[in-house]
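This report concerns only the one structure given below.
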Amino acid sequence: MNKHIALLPGDGIGPEVTQQAVKVLDTIALRFGHQFTYTSADVGAIAIERHGDPLPDATLETCLAADAILFGAIGHPRYDNDPTAKIRPEQGLLRLRKSLGLFANIRPVSVYPTLAHLSPLKTEKVTGVDFVIFRELTGGIYFGERQRTASDAFDVCSYSAPEIERIARQAFHYARNRRGKLTLVDKANVLDTSRLWRSVVTEMAASEFPDVRFDWMYVDNAAMQIIQFPADFDVILTENMFGDILSDEASVLPGSLGLLPSASTGEHTALFEPIHGSYPQAAGQDIANPVAAILSAAMLLDHFSFHTEADTVRQAVRSVLEAGIGTPDLKAEKTVGCKEMGQKVADLLAPGNALT
Ligand code: IPM
Ligand code: MG
């Protein structure tokens, strides 16, 4: 099948990890007889440098015309150290999410048994960890009315029932196809938006998804439970800001930030990106871990309903890790660079190669 993919490599290590994900996609295309074509576009700090805009119109058009978007990373220390900067790389990503209506951010968190010793938690705590965070991505405090004067500021958090229902429905379906459990994370003891989430989702659980075990947790408690009993979670559903914080907390469980992928889906073209940032100190040094980007490409394949292809990629990644091969962050038996890591995965995927 023919598919057209927009590549938005962005900043820092974004370009080099995206390149390895493309290498893997090209090998999958060969193995399964697909044809993938690509158009690259600028986003983030590089786009500010080149076009004065973190999300140039041409980039948005490229995204709208594509079947999927493979995103690298954005961010540059120049902007982090300057809170007064009017134009920031992050605005590019936020505008992209809003323009494409990407309301569901899906972040699977699992721990490779061979890498469990790298986790900041004890191995027995992270054994069997396999959950997915559904984070609402286009509403809440991120996109509310805001204002700042020299001495005052506010950011409004608002949600409507339809905004909650559309992501909740996706999350319930997802839970139904997994271990059948959904946990809503909110702060309904304090916030009215959370009370709305609680009532909408509780009602849906009873009327549409009686087969899914539904519970809820206050966000402060959830922050503790993710550390104490991470293996107990299946699907976590939450609003934008809580999801941002909890997904970063959860992302350290596997022992390296370089391992986890994400998908953002919604009204227009879906976007796939590693959860790690632009890691500017490592840029261009061939030490970045491409696994998160490669697994994001696997989620992209799933989105095309190429499930066998996606599973094959995940299998190849697992085999490479189990063979003790890894980038420096994985402290592997055999340390390789970003390019070689991508190549090892691609080699396993070469046509005719039987994967075990
Ligand atoms: C993320 C990031 C973004 C967010 C930033 C870069 C705007 O932290 O994707 O989680 O806060 O959503
Ligand atoms: Mg974040």
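Just so we're clear, the structure is a prediction, and the values are computed from it rather than from any experiment. In what follows, every heavy atom counts, from backbone to side chain, and hydrogens, waters and symmetry copies are set aside. All ligand and atom numbering here is 1-based and tracks the order in the structure.
- Of the polar atoms of Arg97, at least one N or O is found under 3.5 Å from an N or O of ligand 1, judged by distance alone.
- Proximity to Arg107 (heavy-atom distance under 4.0 Å) selects the following atoms of ligand 1: 1 (C), 9 (O), 10 (O).
- From the protein, the heavy atom lying nearest to atom 2 (C) of ligand 1 is Asp244 OD1, 4.0 Å.
- No side-chain donor from either of Thr59 and Asp42 sits under 3.5 Å from a side-chain acceptor of the other.
- Under a 3.5 Å cut-off, the side chain of Arg179 and the backbone N or O of Asp130 do form a donor-acceptor pair.
- Of the protein's heavy atoms, Tyr142 OH, 2.5 Å lies nearest to atom 11 (O) of ligand 1.
- Not a single heavy atom of Met241 lies less than 4.0 angstrom from ligand 1.
- On a distance-only criterion, Glu90 and ligand 1 share no N/O pair closer than 3.5 Å.
- At a heavy-atom distance under 4.0 Å, no atom of Arg88 approaches ligand 1.
- When you scan the N, O or S atoms of Asp244 for the one nearest the Mg ion (ligand 2), you land on OD1.
- In this structure, His173 has its ring center under 6.0 Å from that of Phe209.
- Between Val132 and Tyr174 the shortest side-chain heavy-atom distance falls below 4.5 Å.
- Looking at Asp311 and Gln315, their side chains never bring a donor and an acceptor atom within 3.5 Å of each other.
- In this structure, Asp152 contributes its side chain and Arg148 its backbone to no donor-acceptor pair below 3.5 Å.
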